[in-house]
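Some notes on the structure that comes next.
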Amino acid sequence: LENGLARTPPMGWLSWERFRCNTDCKNDPDNCISEKLFRTMTDLVISEGYAAVGYEYINVDDCWLDFSRSYNGRLQPDAKRFPRGMADLSEYIHSRGLKFGIYEDYGNFTCAGYPGILGSLELDAFTFAEWNVDFVKVDGCYSLPKDMDQGYSEFGYYLNKTGRPMVYSCSWPVYQTYAGLQPNYSAITQRCNLWRNFDDIQDSWASVESIIDYYGDNQEIIAANAAPGHWNDPDMLIIGNFGLSYEQCKVQMAIWAILAAPLLMSTDLRTIRPEYKAILQNKKIIAIDQDKLGIQGRRIYKHKGIEIWARPVTPIFENYFSYALAFVNRRTDGTPSDVAVALHEMGLLSPTGYRIQDLYEDVDYGVLSPQTKIKVKVNPTGVVILKAEVQQNLIKQNFY
Ligand SMILES: OC[C@@H]1[C@H](O)[C@H](O)[C@@H](O)CN1C(=S)Nc1ccc(F)cc1
């Protein structure tokens, strides 16, 4: 969607995967979906250094609402859990220099059964603008997938009509794919700033693997739709929760960066362990995700549990890209796997060579020619991610 927003994949915090639809503020006041939770996470995004490395959106997901609209037909938050209202929460988030995201559903109800926008698209878009919302996620429960092309487009029209720039996150394709329809991706890229293509992420390695496999197996259809202003959304980062090992967290961060994915954390920033926080705040990997070319990477090799993923990134020299290269070991047979491959076999052909550095470990491989084999050791359910920076010196290195 060409609305001047999401020129790089959005980064921020989203409540759903970690906090779900916990509305029991009586018995669980610290973890229920409430203004207090979002204010706390806002403060921690600032104080714990996440904003400093690029995380900026604080997004409410399902279950923020009252079960009924107000007397004048407007959406309203649950008054007990959001006593000061959404305009106040928005103001607080803005006062801390961050941006505010909200959730709705193109249907009669949200997935959790709260009022949907069907029948009130224009009013709801204007309500969000009055609350100074910066990001709107629109889900697709309780509606007919065949109506979504028109429905999502219409709501996007009203969001635009408000005159307030708002990132538009659509769940359109995944519901159409589920219904056996082929999504119209040219329409989706024009109407949405990001969109979900596949299942909700759950707190497990199996879930992350299924998403990685989906994006690798369907890259011919979906990779080319990513570019500045419109991104594929493989769903939230679950780094710091309960289901992934340290190695598997490194895989999610690396592959999401290769995929030019939105980096929307869904974890408890109050209790996250330092080693997981370090993965989320890895500036070198964030720089890959946020690369200004906005070219989504692809799986270029898959054999016997070893995958290689490559993403073209800046700097460019004489029409040769630099690359992010991720080596993933899907195996669980105990020992790390050696992977040896020549740069030219991965499409790295510049005669000036490439400066290779590991983005997690402090390892520098020096400058290698296209003919040189690079050798890495990849841990079971782990990853090695490198940056291969094309060398710019005019004198061609005499590697040969
Ligand atoms: O209720 C909202 C929740 C989150 O927003 C996810 O990100 C959305 O993809 C949708 N969603 C859920 S749980 N959706 C859903 C998941 C499974 C199901 F059987 C019916 C609905």
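Predicted model, so just to flag it, every value in this text is computed and none were measured. For ligands, and for the atoms within them, numbers begin at 1 and follow the listed sequence.
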Return yes when Asp139 approaches ligand 1 closer than 4.0 angstrom through a heavy atom, no otherwise. yes
Salt bridge or not for Arg270 and Asp43, using N-O below 4.0 Å? no
What is the closest protein heavy atom to atom 1 (O) of ligand 1, and at what distance does it sit? Asp62 OD2, 2.8 Å
Please determine whether side-chain contact (heavy atoms from CB on, under 4.5 Å) holds for the pair Asp78 and Trp64, giving the CA-CA distance in whole Å, both sets of side-chain angles, and the decisive distance to 0.1 Å. CA-CA 6 Å; Asp78 180 285; Trp64 62 271; over 6 Å; no
Report yes or no: does Arg196 have a heavy atom closer than 4.0 Å to ligand 1? yes
Between Trp13 and Phe38, what is the ring plane arrangement, given parallel below 30°, perpendicular above 60°, and tilted in between? perpendicular
Sub-4.0 Å protein heavy atom near atom 3 (C) of ligand 1: yes
So is Trp16 polar-close to ligand 1, meaning N/O to N/O under 3.5 Å? no
Under the disulfide (SG to SG under 2.5 Å) rule, collect the residues that match up with Cys249, sequence neighbours excluded. none
Asp61 heavy atoms within 4.0 Å reach ligand 1 at atoms 2 (C), 4 (C), 5 (O)
In terms of residue, atom name and distance, what is the protein heavy atom nearest to atom 6 (C) of ligand 1? Asp200 OD2, 3.5 Å
Any protein heavy atom lying closer than 4.0 Å to atom 20 (C) of ligand 1? no
Answer yes or no for Arg39 and Tyr92: cation-pi contact, defined as NZ/CZ to six-membered ring centre under 6.0 Å and angle to ring axis within 45°. yes
Taking both backbone and side-chain atoms of Lys137, is any N or O found less than 3.5 Å from an N or O belonging to ligand 1? yes
The test is side-chain contact (heavy atoms from CB on, under 4.5 Å); show your working for Ile211 and Ile201 and say whether it passes. CA-CA 8 Å; Ile211 293 168; Ile201 198 164; 3.7 Å; yes
Per the salt bridge (Lys or Arg N to Asp or Glu O under 4.0 Å) rule, what does the pair list look like for residues 106-125, sequence neighbours excluded? Arg69-Asp124, Glu122-Lys161
